[in-house]
**Student:** 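Take a look at this one; I'll ask things after.
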Amino acid sequence: MDTTTRADWQLTYRRDCPSRTVIEVLANKWALYVLGALRRYDRPMRFNELRRVLDGITQKMLTQTLRALERDGLVSRTVYPTVPPRVEYELTALGVEAGQLTAAIADWSVAHAQEILTARGRFDERDAAPPAPVR
């Protein structure tokens with residue numbers, strides 16, 4: 001049974017609510033993609049492997065995203081004492097749970113992408129058309 005009260009939900013909209021910082025991380029497109037890649041591959045991945053999978057991400061953005069996810073306990077980073085050092089990233093238990101949420105968003109996006117693109121096209125056409133006279 002859900003014990004969340006209306007007051008609890010109202011607090012989430014306050015600027016000082018701690019959940020806002022969590023939402024900020026999860027709402028980042030690259031965080032969604034990193035969590036998704038680690039979830040889909042279901043194994044530890046190295047930095048460059050993630051970078052190859054995530055077409056378009058820069059080295060700087062991947063570094064920032066992985067650090068943010070590690071800081072929040074969603075990703076673990078393991079450094080192996082080799083020369084050169086080998087570093088792997090994988091989801092923590094918390095990250096697996098977050099990955100289930102982000103996978104739902106990704107699945108929905110794939111299923112409805114064409115509808116969204118069609119709606120955008122209709123909107124853009126309507127927005128670009130000259131205003132119709134008022135009758």
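From a predicted model like this one, the values you see are computed outputs, not experimental measurements.
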**Student:** Hey, mind stepping through Thr118 and Gln114 against side chain to side chain contact (heavy atoms under 4.5 Å, CB included) and telling me if it holds?
**Tutor:** CA-CA 6 Å; Thr118 300; Gln114 193 54 54; 3.5 Å; yes

**Student:** Less than 4.5 Å apart, side chain to side chain, heavy atoms only: is that true for Leu38 and Leu50?
**Tutor:** yes

**Student:** Could you measure the distance from the OG1 atom of Thr102 to the CG atom of Leu35? Nearest 0.5 Å is fine.
**Tutor:**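 So the gap between those two atoms works out to 5.0 Å.
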
**Student:** With a 4.5 Å heavy-atom cut-off, do Asp16 and Arg14 have their side chains touching?
**Tutor:**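 Answer yes - side chains close enough.
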
**Student:** Under 4.0 Å between a Lys/Arg side-chain N and an Asp/Glu carboxylate O for Asp107 and Arg40?
**Tutor:**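 Yes.
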
**Student:** May I have the list of side-chain donor-acceptor pairs in residues 75-90 shorter than 3.5 Å, sequence neighbours left out?
**Tutor:**
{"from": "Arg77", "atom 1": "NE", "to": "Tyr89", "atom 2": "OH", "distance (Å)": "3.4"}
{"from": "Tyr80", "atom 1": "OH", "to": "Glu88", "atom 2": "OE1", "distance (Å)": "3.3"}
{"from": "Thr82", "atom 1": "OG1", "to": "Pro84", "atom 2": "O", "distance (Å)": "2.7"}
{"from": "Thr82", "atom 1": "OG1", "to": "Arg86", "atom 2": "N", "distance (Å)": "3.3"}

**Student:** Identify whether Leu91 and Ile105 are in the same connected component of the hydrophobic contact network (ILVMFWY, side-chain heavy atoms under 4.5 Å).
**Tutor:** no

**Student:** Taking NZ, NE, NH1 and NH2 as the nitrogens, is one of them in Arg120 or Glu125 under 4.0 Å from a carboxylate oxygen of the other?
**Tutor:**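 No, this pair does not count.
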
**Student:** When you compare the side chain of Arg46 with that of Arg52, does any pair of heavy atoms fall below 4.5 Å?
**Tutor:**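 No, side chains not in contact.
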
**Student:** Would you list the atom pairs, donor with acceptor, under 3.5 Å between side chains in residues 54-73 and any protein atom, with sequence neighbours excluded?
**Tutor:**
{"from": "Thr58", "atom 1": "OG1", "to": "Met61", "atom 2": "N", "distance (Å)": "3.0"}
{"from": "Thr63", "atom 1": "OG1", "to": "Gln59", "atom 2": "O", "distance (Å)": "2.9"}
{"from": "Thr65", "atom 1": "OG1", "to": "Met61", "atom 2": "O", "distance (Å)": "2.7"}

**Student:** Do Tyr41 and Leu74 share a hydrophobic cluster (ILVMFWY, side-chain heavy atoms under 4.5 Å, transitive)?
**Tutor:** yes

**Student:** Do you know the tightest heavy-atom contact between Ala103 and Arg39?
**Tutor:** CB-NH1, 3.3 Å

**Student:** Applying ring pair (Phe, Tyr, Trp, His ring centres under 6.0 Å), name anything that partners Tyr33, two or more places apart in sequence or on another chain.
**Tutor:** Trp30

**Student:** Report whether Val25 and Leu94 are members of the same hydrophobic cluster (ILVMFWY, side-chain heavy atoms less than 4.5 Å apart, transitive linking).
**Tutor:** yes

